[in-house]
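On a predicted model such as this, the values are computed, not experimentally measured, just so you know. Just so it is clear, the values below take in all heavy atoms, side chains as well, and ignore hydrogens, waters and symmetry mates. All ligand and atom numbering here is 1-based and tracks the order in the structure.
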Amino acid sequence: MIETILTLEQTELLQQLEVVSRRYQKRDQRIERIQDHYRREKAGFNGEKQLDYYLKLTSFSQACQLASLRLRRGDHYFQMDRLILTRAACYVIEVKHLSGHVSFNKARQFIQLYNGNERSFPDPLTQAQLQSNQLAMLLSDLGYAQRPIHPIVVFSHDNVILNDSEPEDCILIQQLPERLTVLNQRYEVITTFNQIRKLANHLKQLHVRKQEDVLTRFDIDFSEIQVGVHCRHCKKGLVKRVHGTWKCPICEMKDDDAHIDALIDYRKLISRYITNKQARYFLKVDSPYTIRRLLLKAQLPFQGKGKQTRYDLNPLV
Ligand SMILES: [Zn+2]
């Protein structure tokens, strides 16, 4: 069993795209771009999620893994879809969730042929190799002894077709357990599991999650974001505050905690902190007393006094 040191989580980008695709109401080009981007991010995430399953099938007993590890070296960052550390070597895994025929041409461009359309992509094996080089330099900066770092590209889509002439480190996700076993036998054991775990935890501490601001990126003003609390049952209506609870005008369901999801949206898209006034705007509630009660009932930590009081939404996510 591979020990997970850094678990796979949805990126901020994916979380924000999901909120915006629900809360941006104009039917214009921007929403098409957002939804298109959201679908691709989500597919990529699902591809990476499949790795968890296949990595459980490896015969490794003393190994660690880190998902979406993002490290800084000098002025720039590099990110690895998955890093696996064994007592013999490190494996940098790049996941591609593409369907159709994929192949390399003579110029070593990476080509996807899908529904008769050809698209070229940056060569994923070169990408994984560059990440491996950066990792090697970072480990050396940190004073770690040199160790083999092996890049692998994994294709996770069910409908992908690889050419026979693909490099041997471009494989289908189903082949990964076998490939890792074979490779790991080639390398000599050079360290102990304790050392591996120590290194993995050190790298986890250096992990920098990527910050996103989708509203700026897609040039959307906060005022264009639909406010209000959605019904969690029919997902259609905006619920209204009636007799101390939320009631949906469409399905008529009552829900005491419907506002929690809206606060989570606010946390993902706007800010970690919210004031009473901001919450009144976002939840579409006029009464500051009602808002205060809801925020206190959610047991959110708060700081400041009076109108300056701001509540920390982090415990909700
Ligand atoms: Zn409803």
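- Take the Zn ion (ligand 1) as the corner point: the lines to SG of Cys231 and to SG of Cys234 open at 110°, to the nearest 10 degrees.
- For Tyr281 and Phe222, the distance between ring centers is under 6.0 angstrom.
- No side-chain donor-acceptor contact under 3.5 Å links Arg23 and Gln226.
- Relative orientation of the Tyr311 and Phe302 rings is tilted, given thresholds of 30° and 60° on the angle between their planes.
- Angle SG(Cys248) to the Zn ion (ligand 1) to SG(Cys251), rounded to 10°: 110°.
- Taking 2.8 Å as the criterion, His233 does not count as a coordinating residue of the Zn ion (ligand 1), since none of its N, O or S atoms falls below it.
- Closest approach of Ile31 and Val20 over heavy atoms only: CD1-O, 4.4 Å.
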